[in-house]
Structure formats: C-alpha cells, structure tokens
Amino acid sequence: MTKQADFKRLVRARMARTGESYTIARRQLLGDPAVVRMAEALHVSNGDCTDLAGTGLARHIVYWRDSLHEGPVPALGHEELRRVRTAFLVGAGADDHAEGLRMFERRDAALEAHRDGEYVLWFEADLYDQLQIVQILSRLAELEVPAGRITLICIGEHPGIARFGGLGQLRPDQLAELPATRACATLTPAALDLATRAWAAFRAPAPDGLPAIAAARSAELRFLGEAFERLSREYPSTRDGLSLTERRVLAAAAQDSTAGDVFVRASAREARPYLGDTWYFATMDRLAAAPHPLLRTRPSGTPAGPATEVVLTGDGARVLAGEADHVTLNGIDRWIGGVHLTGRDVRWRWDEGRECLTG
C-alpha cells in the first residue's frame with residue numbers, strides 16, 4: 001500500500017508539473033512503449049496555440065504556419081516556393097511572428113532531418129489544415145518515409161464544444177487522449193499517394209485535378225474531399241463572379257456594419273471555419289478597392305480593421321442579387337494554389353447549378 005501511495009504521489013506531482021492527465025502521467029512513469037514511441041517522434045501541428053508540449057507526448061515539435069488557401073502556391077522547387085510564400089505573407093501583413101524566410105527554412109529542415117524517425121501530425125478538418133497536411137505528406141513521400149511511420153491525428157469536432165474551432169481550444173489532457181480515439185490513424189501507402197496527388201492538383205496551373213480529389217474518400221484522410229470542394233467554391237461563380245467567401249462577405253454587409261461584424265457573420269456561415277479576421281479584412285479591402293466598388297469602407301483609404309464601417313454599394317447589391325458579374329465588372333487578379341486568375345474573362349468558374357468547376 002505504501003509503495004502504491006508513493007507512486008500515486010509521483011503521478012500527481014508529474015500532473016502538476018506537466019499538466020498531463022492522470023492516465024498519461026501514469027503511463028509516462030511506467031514507461032509505456034506507445035508513449036515512449038510518441039515522445040521520440042517529430043510532432044507537427046498547424047500553430048503554436050496548440051499546447052502539444054503540455055501533453056507530455058511531444059518533445060520535438062514543429063509548427064506549420066502558412067495560409068496556403070491565399071496567394072500563389074505554384075509548382076516550384078522547395079527553395080523557390082519558400083521565397084514566393086515568404087514574399088506573399090510579408091506583403092500581405094500575415095507574417096505574424098516576423099520570421100520571414102527563416103520560418104520556412106527551419107520547419108523544412110526539421111522535417112528532412114527526422115526522415116529516419118517517426119512523425120505525428122496534429123491537425124483539423126478545415127481547408128487551412130487539409131492543405132498543410134497534403135503539403136507535409138507529399139514532402140515525406142519525397143523523402144521516402146514509409147507511410148507506416150506517419151501517424152495522423154485529425155479532428156473536426158470534440159465532445160462538449162458546440163462549434164469546434166481548433167486544437168488550440170483543447171487542454172493538454174484533452175489533446176493527450178486523442179491518440180486513443182478514432183481521430184488517430186497510422187497512414188497507409190494509399191493515403192500517402194492520395195495526399196501527393198492532392199498537393200500536385202492544388203499547385204497545378206489549371207484546376208483540372210481538383211474534382212477527383214474532392215470526390216476521393218479515404219479512411220485516413222477523412223476530411224480531404226470536403227476541403228477540396230470548399231476550395232473549388234473559391235473560383236468565381238457562374239452566377240455572379242463571386243467566390244463563396246466574397247458572397248458571404250457581401251451578404252453580411254447588407255446591413256450597416258463594422259468589418260468586425262461582417263467577419264463574425266460571414267465566418268459563422270462556414271461549416272468549418274478556416275479564415276481568420278486578417279483574410280476577411282483583406283477580402284473587404286479588395287471589394288472596396290475595385291474599379292466599381294462592391295463595398296464602401298470608412299475611413300476610406302486605410303486597411304480594414306475590426307472597427308471599420310462597411311456599407312454595401314449599389315453595385316455590390318446588384319452583384320449580390322445576380323444582376324451583374326463581379327469579374328466582368330471589375331476583373332480579377334487572384335491566385336488559388338497554382339492557378340492565376342486574371343482579367344475580365346476567366347476560363348474557370350464554379351457552376352452553382354451543377355455544383356462543379358467548369359472550363
């Protein structure tokens with residue numbers, strides 16, 4: 001009894017020090033092989049708001065911080081792509097940690113340096129994360145890392161959270177329980193192949209490969225098809241020339257609002273929120289700066305922020321009603337992965353009636 005009580009005290013002392021649940025702390029002290037194996041792996045997640053270190057399962061952690069759904073992601077070599085993404089994020093004011101190129105170089109080097117070990121990926125179901133997953137898995141396939149050495153932990157919901165927003169909402173003990181749930185899967189060669197094809201389709205100069213990925217079903221990459229369908233809806237609609245995000249922004253601005261209000265209303269329409277306020281504000285700026293503005297912002301001439309007043313213009317109301325086409329009216333200059341949409345007569349559109357890409 002004394003030994004058991006002493007052991008329990010050790011467990012509780014570890015819990016207080018690490019924030020681990022009782023189960024995880026006990027397993028760590030007992031040298032559970034599964035816990036030891038995870039501790040030796042390289043853990044990769046979508047952002048440092050997720051407390052992986054607090055789980056006691058992760059010693060080596062890399063955070064993947066890139067909004068791949070925005071800006072150019074062409075089919076270039078690794079070094080050139082790092083430069084392209086750095087330039088875009090810095091130019092868009094989205095380099096949150098002011099790391100520039102160093103962030104990309106460090107994360108890529110860490111991924112490569114661990115090629116003889118195991119990997120544990122912690123991600124979510126939304127478009128932002130799914131694009132990061134396929135980028136990472138494609139690179140691991142290039143490095144010839146066997147699928148069986150890659151574990152994916154990916155969730156789209158969590159008990160007790162009505163509108164799940166991300167892993168950052170979970171306590172370390174809640175995160176630590178995920179490896180024992182159906183959210184955790186060891187990848188198969190088929191899943192690795194699908195991820196590689198998805199990354200190539202996303203970076204291609206034409207979106208011809210997107211429908212096949214949107215239609216794909218995978219037990220390990222459960223959310224990939226849904227994410228690529230949402231990506232496809234960012235192409236200008238045949239109805240009004242708007243992306244789905246742009247249409248939701250205009251609809252949310254139909255009543256006098258602040259940009260912060262528009263962000264809240266528009267993001268609430270998403271089944272899985274993936275855009276932060278920075279990208280919503282950038283969308284509002286783009287709509288307000290068009291030759292025929294669809295929005296009016298006050299104060300004008302300054303980047304939108306939470307308190308910026310946003311008003312739907314007459315042209316905005318006409319486009320929203322389907323009486324005018326945004327691309328025909330204003331032209332477009334936007335990258336979606338490797339596709340550069342420019343001009344007033346773009347080839348690729350999202351057909352609302354048939355729910356598919358045309359072109």
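- Formation of a donor-acceptor pair under 3.5 Å by the Thr302 side chain with backbone atoms of Pro299 is found in this model.
- Residue pairs meeting the ring pair (Phe, Tyr, Trp, His ring centres under 6.0 Å) criterion with at least one partner in residues 219-257, sequence neighbours excluded, are absent.
- Side-chain contact between Arg247 and Arg239 is present, with at least one heavy-atom pair separated by less than 4.5 Å.
- A donor-acceptor pair under 3.5 Å is absent between the side-chain atoms of His114 and the main chain of Ala109, judged by distance alone.
- A salt bridge is absent between Arg230 and Glu226; no separation between the charged side-chain nitrogens and carboxylate oxygens falls under 4.0 Å.
- A donor-acceptor contact shorter than 3.5 Å is absent between the side chain of Thr186 and the backbone of Thr151.
- By the 4.5 Å heavy-atom criterion applied to side chains, Arg248 and Leu244 are counted as neighbours.
- For the atom pair OG (Ser218) and CG (Leu224), the distance works out to 7.5 Å, reported to the nearest 0.5 Å.
- Panel note: side chain Arg82, backbone Phe104; no donor-acceptor pair is recorded below 3.5 Å.
- With contacts defined as side-chain heavy-atom distances shorter than 4.5 Å, the pair Pro236/Leu341 qualifies.
- Counting heavy atoms from C-beta outward, Gln135 and Val73 have side chains that stay 4.5 Å or more apart.
- Atom CG of Leu210 is separated from atom SG of Cys356 by 12.0 Å, given to the nearest 0.5 angstrom.
- Under the 4.5 Å side-chain criterion, counting only non-hydrogen atoms from C-beta, Leu42 is not in contact with Val120.
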Exercise. Please walk me through it: do Thr50 and Leu175 pass side-chain contact (heavy atoms from CB on, under 4.5 Å)?
Worked result: CA-CA 9 Å; Thr50 301; Leu175 291 168; 3.9 Å; yes
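- Closest of all the heavy-atom pairs between Thr297 and Thr308 is CB-CG2, 3.8 Å.
- Taking the charged nitrogens against the carboxylate oxygens, Glu144 and Arg115 have no contact shorter than 4.0 Å, which rules out a salt bridge.
- Taking hydrophobic clusters as Ile, Leu, Val, Met, Phe, Trp and Tyr residues chained together by side-chain heavy-atom distances below 4.5 Å, Val264 does not share a cluster with Phe164.
- Under the 4.5 Å side-chain heavy-atom criterion for grouping Ile, Leu, Val, Met, Phe, Trp and Tyr, Leu295 is connected to Ile332 within one hydrophobic cluster.
- At distances below 3.5 Å, not a single donor-acceptor pair connects side-chain atoms of Tyr128 with backbone N or O atoms of Pro273.
- When all heavy atoms of Glu124 and Gly165 are compared, the pair lying nearest together is OE1-O, 3.7 Å.
- With salt bridges taken as basic N to acidic carboxylate O contacts below 4.0 Å, one links Arg334 and Glu234.
- Sorted by first and then second residue, the ring pair (Phe, Tyr, Trp, His ring centres under 6.0 Å) pairs with a member in residues 248-270 read Phe263-Tyr280; sequence neighbours excluded.
- The two residues Leu178 and Cys184 have their closest heavy-atom pair at O-CB, 3.7 Å.
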Problem set entry | Check against salt bridge (charged side-chain N to carboxylate O under 4.0 Å, His left out), Arg59 and Glu40 | CA-CA 7 Å; Arg59 296 175 187 164; Glu40 293 173 349; 5.8 Å; no
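- Put simply, the side chain of Asn330 never gets that close to the backbone of Val327: no donor and acceptor are under 3.5 Å apart.
- Without hydrogens or angle criteria, Thr188 side chain to Ala191 main chain gives a donor-acceptor distance under 3.5 Å.
- Under the 4.5 Å side-chain heavy-atom criterion for Ile, Leu, Val, Met, Phe, Trp and Tyr, Val44 and Tyr63 are members of distinct hydrophobic clusters.
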For this session: Report the C-alpha separation of Gln132 and His69 in whole Å, then their side-chain angles, then the decisive distance to 0.1 Å, and conclude whether the side chain to side chain donor-acceptor pair (under 3.5 Å) test is met.
Result: CA-CA 10 Å; Gln132 293 185 342; His69 52 76; over 6 Å; no
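- The salt bridge (charged side-chain N to carboxylate O under 4.0 Å, His left out) search around Asp285 returns none, not counting sequence neighbours.
- Annotation for Leu81 and Pro74: closest pair CD1-O, 3.8 Å, computed over non-hydrogen atoms.
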For this session: Report the C-alpha distance between Arg217 and Arg222 in whole Å, list the side-chain angles of each, state the deciding distance to 0.1 Å, and finish with yes or no for side-chain contact (heavy atoms from CB on, under 4.5 Å).
Result: CA-CA 7 Å; Arg217 295 296 176 264; Arg222 308 186 278 144; over 6 Å; no
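- With Leu121 as reference, Ile136 is the one residue of Ile136, Ile153, Leu187 to meet the side chain to side chain contact (heavy atoms under 4.5 Å, CB included) rule.
- At distances below 3.5 Å, not a single donor-acceptor pair connects side-chain atoms of Ser67 with backbone N or O atoms of Glu70.
- For the atom pair Glu157 CD and Arg163 CZ, the distance stands at 13.0 Å (nearest 0.5 Å).
- Linking Ile, Leu, Val, Met, Phe, Trp and Tyr whenever their side-chain heavy atoms come within less than 4.5 Å leaves Trp64 and Leu170 in two separate clusters.
- Atom CD of Glu79 has 12 or fewer neighbouring heavy atoms from other residues, nucleotides or ligands inside a 6.0 Å radius.
- In this structure, the salt bridge (charged side-chain N to carboxylate O under 4.0 Å, His left out) partners of Arg65, at least two apart in sequence or on a different chain, are Asp48, Glu99.
- The closest side-chain heavy-atom distance from Ile336 to Pro207 is not below 4.5 Å.
- The backbone N or O of Gly166 lies less than 3.5 Å from a partner atom in the side chain of Gln169, making a donor-acceptor pair.
- Crowding of Arg344 atom CZ: a count of heavy atoms from other residues, nucleotides or ligands under 6.0 Å exceeding 12.
- Rounding to the nearest 0.5 angstrom, the gap separating the CG atom in Leu287 from the NE2 atom in His326 is 5.0 Å.
- Side-chain contact between Trp122 and Leu167: present, with at least one pair of heavy atoms (C-beta onward) separated by less than 4.5 Å.
- At distances below 3.5 Å, at least one donor-acceptor pair connects side-chain atoms of Arg272 with backbone N or O atoms of Gly156.
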Problem set entry | Verdict with reasoning, Arg349 to Asp325, per salt bridge (charged side-chain N to carboxylate O under 4.0 Å, His left out) | CA-CA 12 Å; Arg349 295 263 190 153; Asp325 186 281; 2.8 Å; yes
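- For residues 177-218, the pairs satisfying ring pair (Phe, Tyr, Trp, His ring centres under 6.0 Å) are Trp199-Phe202, with sequence neighbours left out.
- Side-chain contact between Cys154 and Gln130 is present, with at least one heavy-atom pair separated by less than 4.5 Å.
- Taking the charged nitrogens against the carboxylate oxygens, Glu323 and Arg318 have no contact shorter than 4.0 Å, which rules out a salt bridge.
- The OG1 atom of Thr86 sits 4.5 Å away from the CG atom of Leu101 when rounded to the nearest 0.5 Å.
- With respect to the salt-bridge test (charged N to carboxylate O, under 4.0 angstrom), the residues Glu80 and Arg83 qualify.
- To the nearest 0.5 Å, atoms CG (Asp129) and CG (Asn46) are separated by 4.0 Å.
- Results of the side chain to side chain contact (heavy atoms under 4.5 Å, CB included) test with Leu137 over Val145, Leu221, Asp193 single out Leu221 as the only residue that passes.
- Both Ile133 and Leu143 belong to a common hydrophobic cluster when Ile, Leu, Val, Met, Phe, Trp and Tyr are linked at side-chain heavy-atom distances under 4.5 angstrom.
- Between Arg139 and Glu112 there is a salt bridge, since at least one side-chain N of the basic residue sits less than 4.0 Å from a carboxylate O of the acidic one.
- Pairs engaging residues 327-359 under the ring pair (Phe, Tyr, Trp, His ring centres under 6.0 Å) rule: Trp335-His340 [sequence neighbours left out].
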